[in-house]
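Here the structure is laid out as C-alpha cells; the discussion comes afterwards.
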Amino acid sequence: MKKDFKRYTVTAALPYANGPLHIGHVAGAYLPADTYVRYLRLKGEDVAFVCGSDEHGVAITIGAKKEGVSPKAFVDKYHELMKKAFADFGISFDIYSRTSNKIHYDTAQDFFRKIDAQHLFLEETSDQYFDEQEGIFLADRYIAGTCPNCGHTNAYGDQCEKCGTSLSPKQLINPRSTVSGNTPVLKPTKHWYFPLDKFEGWLKDWLIEGHKSDWKTNVYGQCKSWIDQGLQPRSITRDLEWGIPVPREDGKGKVLYVWFDAPIGYISATKELKGADWEKYWKSDDTRLIHFIGKDNIVFHCIIFPSMLKAEGTFILPDNVPANEFLNLEGEKLSTSRNHAVWLHEYLVDFPGRRDELRYVLNSISPETKDADFTWKDYQQKVNSELVAILGNFVNRVMVLTWKYFEGKVPASHELPNTSDKRKRILDLYNLAHIDLNKSVAEMVKALEDFRFRDAQFHMMNLARVGNKFLADTEPWKLAKEDMEAVGCILNYALTVVGNISIACQPFLPDTARNIHAQLNMDASEVSKKFWKSQTLVEPVGAGHQLNPAALLFRNVEDTEIEVQVEKLRKVKAAKMEVSTTVIENPVKPLKEIVTIDDFGKLDIRVGTITAATKMEKSDKLLKLTVDSGLDTRTILSGIAKHYTPEEVIGKQVTFIANLAPRKMMGTESQGMILMAEDSDGKLRLLQPNEVVRPGSTVS
RNA sequence: GGCGCGGUAGCUCAGGUGGUUAGAGCGUUGGAUUCAUAACCCAAAGGUCGGGGGUUCAACUCCCCCCCGCGCUACCA
C-alpha cells in the first residue's frame with residue numbers, strides 16, 4: 001500500500017496577504033506542517049517545505065484602496081509582517097516566497113499556456129458590469145447595491161454582509177460602482193473557464209476510489225460530497241489590473257483568477273528554492289506531495305488543483321491532504337475583521353521566549369477531527385500542569401540530583417543484579433520503565449506518520465511521565481545514604497531518559513530540545529539520527545560526561561498574565577459594541593433615485609389578511625402564506641421563516657404588492673410580495689395598519 | 001431542505017470485524033513523599049458513550065428516525 005518515497009514536497013497553505021496571522025492559521029496549517037517537516041528532516045528525509053504569501057485578488061485591491069496605497073505596497077507590508085511572524089515563531093519553511101515574484105508570473109503563465117495548448121479551456125462571453133467613468137470591469141466585490149433578500153442598501157455583488165446571502169451582481173437592485181459611485185452598465189466580456197466537469201470521472205477514480213482509506217474522513221467526505229453534487233466549469237480569469245496577465249493575444253486587461261494562480265505558487269516557490277533541481281520535487285513519481293491546509297481550502301487542494309495538475313499532465317498529485325478543522329477563541333469564531341483573535345506577532349511580544357508553550361498548547365488542542373476552542377485559562381493550565389509540572393520538573397529534578405550527588409558528571413551504570421533485594425527491585429523497575437518508554441516512542445512515531453500530531457505529542461510527554469514515575473519508585477535520594485552505586489545507576493538511566501526526551505521533543509518543542517541539549521552539554525545530531533531511525537531509546541550521554549548547570553525549562557503562567565490577555569479580548573469586544581451602536585444611531589441609507597408619482601402609481605399595494613401559513617417544504621427561509629386580499633385568496637411566498645413561525649403569523653394583516661408579476665419558487669408560484677420593515681439588526685417585521693382594515697384596502 | 005464531518009467523564013480526546021466491571025491525560029478529592037517550579041508518586045470519586053426506536057443471546061459499536069454543533073449547498077419578487 002505504502003509507496004517507497006525518496007523525497008517529500010510539503011506545502012502549507014499560502015496565507016492571504018491582507019492581514020496578520022493569528023493562532024487559527026497556525027493551528028490549522030502551519031504548526032502541523034512544521035511538526036511533520038521537522039520529523040521528516042530528523043529521519044533524514046529529503047524534503048522541500050514551501051510556502052509564501054498569496055498576493056493577488058480583488059480583496060487585496062480593495063484593502064489597498066482603503067489604506068490609500070498601491071496593491072504592491074499593501075502586499076509588501078503584509079508579506080513582510082507574515083514572513084517575520086513565521087520566522088520569529090520558528091516555522092521552518094525552506095522558503096517563504098510570494099506570488100508577486102516574477103518567477104511565479106512565469107510559472108503561472110506557463111501553466112496556463114500548457115493547458116491552453118491542449119484547447120482544454122472553455123471561452124465564454126457574458127455581460128458584466130462595467131464602470132464607464134473608470135473604464136474598468138467591476139469585480140463582484142466592487143459593486144454595491146440593495147440586497148434583494150433583506151433590502152440592505154450596502155450589499156456587495158458577491159454577498160450581502162447583513163443577511164449573509166451569497167449574491168451575483170445582477171441580483172442587486174440599484175447597483176452602483178464602489179470605485180466611482182456611478183451606476184455601472186452591462187457590457188460583454190470574454191473569460192476562460194477550466195472544465196472541472198470533464199475531470200469528474202478521473203476524480204472518482206483517483207480520489208473517491210484511490211484515497212478512500214488513507215485520507216482523513218472529514219477531507220474525504222467533503223470531497224465526495226462535492227464530486228457527487230456534480231462539478232461545473234470554473235472561471236479562471238478576471239477583468240482586473242492586479243494579478244497575472246492572461247498570456248493570450250486576446251487576454252489583454254485580464255488576469256488569472258487568484259485561485260488559479262495561488263496553488264501554482266507552491267511550484268514557483270520550489271523553483272526559487274531548488275533552481276534547476278525543482279522538477280524532482282514536482283514531477284518525480286517517487287516524490288510524496290503533501291498539502292497542509294485548513295478545511296476552507298479542501299476543495300481547492302483536493303479537487304481543483306489536482307485537476308489542474310492532471311490537465312497540465314507532467315506533475316505528480318498530492319498523496320495526502322491532512323486538512324484541519326477550525327480553531328475558535330474563547331468559544332467564539334476567530335475573526336480578522338472583528339479583531340477577535342490572538343495575533344501571532346503580538347503573542348511573540350507579550351510572551352517572549354515562550355514559543356514552545358504556544359506550540360504545545362495549540363498542538364494539544366489541534367482541531368484534527370473537529371473544531372476546537374482555545375482559551376487562555378486552558379493555555380495556562382496546560383503550560384503549568386503539563387509543561388512545567390511534568391516535563392520541566394522531570395528534567396530539573398534529574399539535573400539537580402546529578403549535581404547534588406555527582407557534581408554534574410554522568411554517573412557510571414554499574415551492574416546491579418543479585419546483590420540485594422533492593423537492587424533487584426531497581427532492576428525490575430528499570431526494565432518496566434524501559435518497556436514503557438520504547439512503547440511510547442513507537443506510538444509517537446506511528447502517530448507522526450499518520451498526521452495525528454496531538455496524539456504524537458501526548459506520547460512524547462509520556463516519556464517524562466514514565467521518567468517521573470521511575471524516580472518516585474526508585475527513590476534515589478533515599479538510597480544516597482546507603483548505596484551510591486545504585487543511585488548512580490538510577491541517575492544514569494534518568495539522564496538517558498532526559499536525553500531521549502530532548503531528541504523526541506524536537507518536532508514539537510524545538511526550543512526546549514535545544515535547551516535540554518545545552519544543559520546536558522550534548523551534541524544531539526548523531527544520536528538523534530539513530531533515535532529516529534531505530535525508533536527506540538538511544539544513549540545520548542555516557543558515563544563521566546560533564547553536564548552544564550541545571551536551568552528551568554518553563555515557568556508557570558501567572559493568573560495576571562492571562563487576565564491581561566482576556567481583558568484585551570474583552571476590550572476589543574466592548575469597542576466593537578460601541579461601533580455597532582453608532583451604526584444603529586446612523587442607519588440611514590442613501591436615498592434611491594427619484595421616482596415620479598406615476599412610477600409609484602404603477603404599484604398596487606394593498607392590505608390583506610393571512611388566513612393560513614405553513615413552512616415551505618425543503619426551504620429554510622420561505623413561508624407559504626395564504627392571503628385574503630379582498631379580491632381573491634392567493635398564495636404568497638415570503639422569506640420570513642427565520643423571523644416568524646407560521647402560527648404567529650396567521651390572522652395577521654399584512655401589506656403586500658398585489659400586482660407584482662407572479663414568480664415561481666421551489667415549484668410554487670408566489671402571487672405577490674409581502675412588505676417588511678427591516679430593523680437595524682436585520683430583523684424583519686410585518687408592516688401592518690394600526691387598526692384592522694377590510695382586506696383589499698389599498699395603500700397610497 | 002439536501003450533502004459532508006462531529007456529538008464518549010468538569011476539560012481535551014482514545015476506542016471498537018457488536019461480547020467480561022467503557023479508557024487516557026489534565027482538573028477535583030484523599031493519601032504518601034521531599035530530589036524537584038506546593039511540583040512528582042499512589043488511590044478514589046466522576047460517564048444511562050446526544051435522544052428514541054429496531055436487529056441480536058448481546059450494541060457505545062450495525063440499521064432507521066429525531067435533536068445539537070461546524071462546513072458546503074438550494075430557496076429569500
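Heavy-atom basis, side chains included; hydrogens, waters and symmetry copies ignored. Here is how names work: the chains are called A, B, and so on, in the same order as the sequence lines, proteins then strands, and each is numbered from 1. This structure is a prediction, so every number in the text was calculated from the model and none was measured.
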Here the distance between atom P of rG25(B) and atom CG of Asn462(A), to the nearest Å, is 8 Å
Notebook entry, point to check: Do Lys422(A) and Asp483(A) come within less than 4.5 Å of each other through their side chains, counting heavy atoms only?
Noted result: no
Notebook entry, point to check: Would you say Arg454(A) reaches rC13(B)'s phosphate, i.e. side-chain N/O to OP1/OP2 under 4.0 Å?
Noted result: yes
Looking at Ser364(A), does any N or O in its side chain come under 4.0 Å of the phosphate oxygens OP1/OP2 on rG25(B)?
no
Regarding the side chain of Trp477(A), the nearest nucleotide among rC13(B), rC35(B), rG25(B) is rC35(B)
- Message: Under 4.0 Å from OP1 or OP2 of rC42(B): is there any side-chain N or O of Lys469(A) that close?
- Response: yes
Solution key, residues 225-232 of chain A side-chain donor-acceptor pairs under 3.5 Å, sequence neighbours excluded:
| from | atom 1 | to | atom 2 | distance (Å) |
| --- | --- | --- | --- | --- |
| Ser225(A) | OG | Gln229(A) | NE2 | 3.3 |
| Trp226(A) | NE1 | Gln222(A) | OE1 | 3.1 |
| Asp228(A) | OD2 | Lys224(A) | NZ | 3.1 |

Looking across every strand, which nucleic acid part, if any, lies under 4.0 Å from Phe554(A) by heavy atom: base, sugar-phosphate, or nothing?
base
Flag the pair Phe374(A) / Trp376(A) as yes when their ring centroid distance falls below 6.0 Å, and as no otherwise. yes
Determine the contact category for Ile390(A): base if any of its heavy atoms lies under 4.0 Å from a base atom, sugar-phosphate if only primed atoms, P, OP1 or OP2 are that close, otherwise nothing. sugar-phosphate
P gap between rU73(B) and rG10(B), integer Å: 37 Å
(request) Assess the side chains of Glu368(A) and Asn218(A): does a donor N or O sit below 3.5 Å from an acceptor N or O? (result) no
Checklist entry - Which part of the nucleic acid, if any, lies within reach of Leu552(A) when heavy atoms closer than 4.0 Å are counted: base, sugar-phosphate only, or nothing? => result base
note: Phe458(A), atom CZ; rG15(B), atom P; distance rounded to Å ~ 13 Å
Ile640(A) atom CD1 is separated from rC75(B) atom C1', nearest whole Å, by 14 Å
Q: For rC75(B) versus rU56(B), give the span between their P atoms, rounded off to a whole number of Å.
A: 45 Å
Counting any heavy atom closer than 4.0 Å, what does Asn556(A) reach on the DNA or RNA strands: base, sugar-phosphate only, or nothing? base
At a cut-off of 3.5 Å, list every protein nitrogen or oxygen paired with a nitrogen or oxygen from nucleotides 68-72 of chain B, distance to 0.1 Å.
| from | atom 1 | to | atom 2 | distance (Å) |
| --- | --- | --- | --- | --- |
| rC70(B) | O2' | Lys295(A) | NZ | 2.6 |
| rC70(B) | O2' | Asp371(A) | OD2 | 2.9 |
| rG71(B) | OP1 | Lys333(A) | NZ | 2.3 |

Using 30° and 60° as the class limits, which term best fits the ring planes of Trp206(A) and Trp215(A): parallel, tilted or perpendicular? perpendicular
message: Taking rG18(B) as the reference, what is the distance to rC62(B) when you measure between their P atoms (whole Å, please)?
response: 8 Å
(request) Consider only side-chain N and O atoms of His211(A) and Asp214(A), and report whether a donor and an acceptor are under 3.5 Å apart. (result) yes
His459(A) atom NE2 is separated from rA24(B) atom P, nearest whole Å, by 14 Å
Side-chain contact check for Glu386(A): nearest option of rG25(B), rA36(B), rC11(B) is rG25(B)
Query raised in the report: If we take the P atom in both rC3(B) and rG23(B), what is their distance in whole Å?
Result: 36 Å
Between rA45(B) and rG6(B), how far apart are the two P atoms, rounded to whole Å? 32 Å
**Prompt:** So what does Lys478(A) hit on the nucleic acid, given a heavy-atom distance under 4.0 Å: a base, only sugar-phosphate, or nothing?
**Reply:** sugar-phosphate
When rounded to whole Å, the CG to C1' distance for the pair Leu637(A) and rG1(B) reads 15 Å
Side-chain donor-acceptor distances from residues 356-363 of chain A under 3.5 Å, at least two apart:
| from | atom 1 | to | atom 2 | distance (Å) |
| --- | --- | --- | --- | --- |
| Asp356(A) | OD2 | Asp511(A) | N | 3.1 |
| Asp356(A) | OD2 | Thr512(A) | N | 2.6 |
| Asp356(A) | OD2 | Thr512(A) | OG1 | 2.7 |
| Arg359(A) | NE | Phe508(A) | O | 2.9 |
| Arg359(A) | NH1 | Asp34(A) | OD2 | 2.9 |
| Arg359(A) | NH2 | Asp34(A) | OD2 | 2.7 |
| Arg359(A) | NH2 | Pro507(A) | O | 3.3 |
| Tyr360(A) | OH | Glu386(A) | OE1 | 2.5 |

Measuring only the C1' atom in each nucleotide, how far is rA14(B) from rG7(B)? A whole number of Å is fine. 15 Å
Could you tell me whether the side chain of Leu479(A) reaches within less than 4.5 Å of the side chain of Ile426(A), counting heavy atoms only? yes
Within a 6.0 Å radius of atom NZ on Lys615(A), are there more than 12 heavy atoms belonging to other residues, nucleotides or ligands? yes
The nucleotide from rG6(B), rA77(B), rG25(B) with an atom nearest the side chain of Met665(A) is rA77(B)
Which value, in whole Å, describes the distance between the C1' atoms of nucleotides rC57(B) and rC67(B)? 32 Å
When rounded to whole Å, the CD to P distance for the pair Glu443(A) and rG15(B) reads 12 Å
Residue set satisfying side chain to side chain donor-acceptor pair (under 3.5 Å) with Gln565(A), at least two apart, ordered chain then number -> Asp350(A)
Parallel, tilted or perpendicular: which fits the ring planes of Phe199(A) and Phe194(A), with parallel below 30° and perpendicular above 60°?
parallel
Taking pairs as Watson-Crick (N1-N3 plus N6-O4 or O6-N4) or G-U wobble (N1-O2 and O6-N3), each distance under 3.5 Å, the stems of three or more consecutive pairs with RNA chain B are B:1-7 with B:67-73, B:10-13 with B:23-26, B:28-31 with B:41-44, B:50-54 with B:62-66
Between CG of Asp455(A) and C1' of rG23(B) the distance, given in whole Å, is 13 Å
### Query
Counting any heavy atom closer than 4.0 Å, what does Leu623(A) reach on the DNA or RNA strands: base, sugar-phosphate only, or nothing?
nothing
Tyr360(A) OH to rU12(B) C1', in whole Å, measures 10 Å
Per-pair distances, 0.1 Å, donor-acceptor, side chain in residues 466-473 of chain A, under 3.5 Å, sequence neighbours excluded:
| from | atom 1 | to | atom 2 | distance (Å) |
| --- | --- | --- | --- | --- |
| Asn468(A) | OD1 | Arg397(A) | NH1 | 2.8 |
| Asn468(A) | ND2 | Ile390(A) | O | 3.2 |
| Asn468(A) | ND2 | Ala464(A) | O | 3.4 |
| Lys469(A) | NZ | Asp473(A) | OD2 | 3.3 |

- So what does Val400(A) touch, heavy atoms closer than 4.0 Å: a base, only the sugar-phosphate, or nothing? sugar-phosphate
Nearest-nucleotide check on RNA chain B, Ala661(A) vs Gln381(A); residue mapping nearer the 5' end is Gln381(A)
When the P atoms of rG47(B) and rU55(B) are compared, how many Å lie between them, rounded to an integer?
30 Å
RNA chain B nearest-nucleotide lookup for Lys664(A) and Asn393(A): closer to the 5′ end is Asn393(A)
Out of rA14(B), rU37(B), rC75(B), minimum distance to the side chain of Val388(A) belongs to rU37(B)
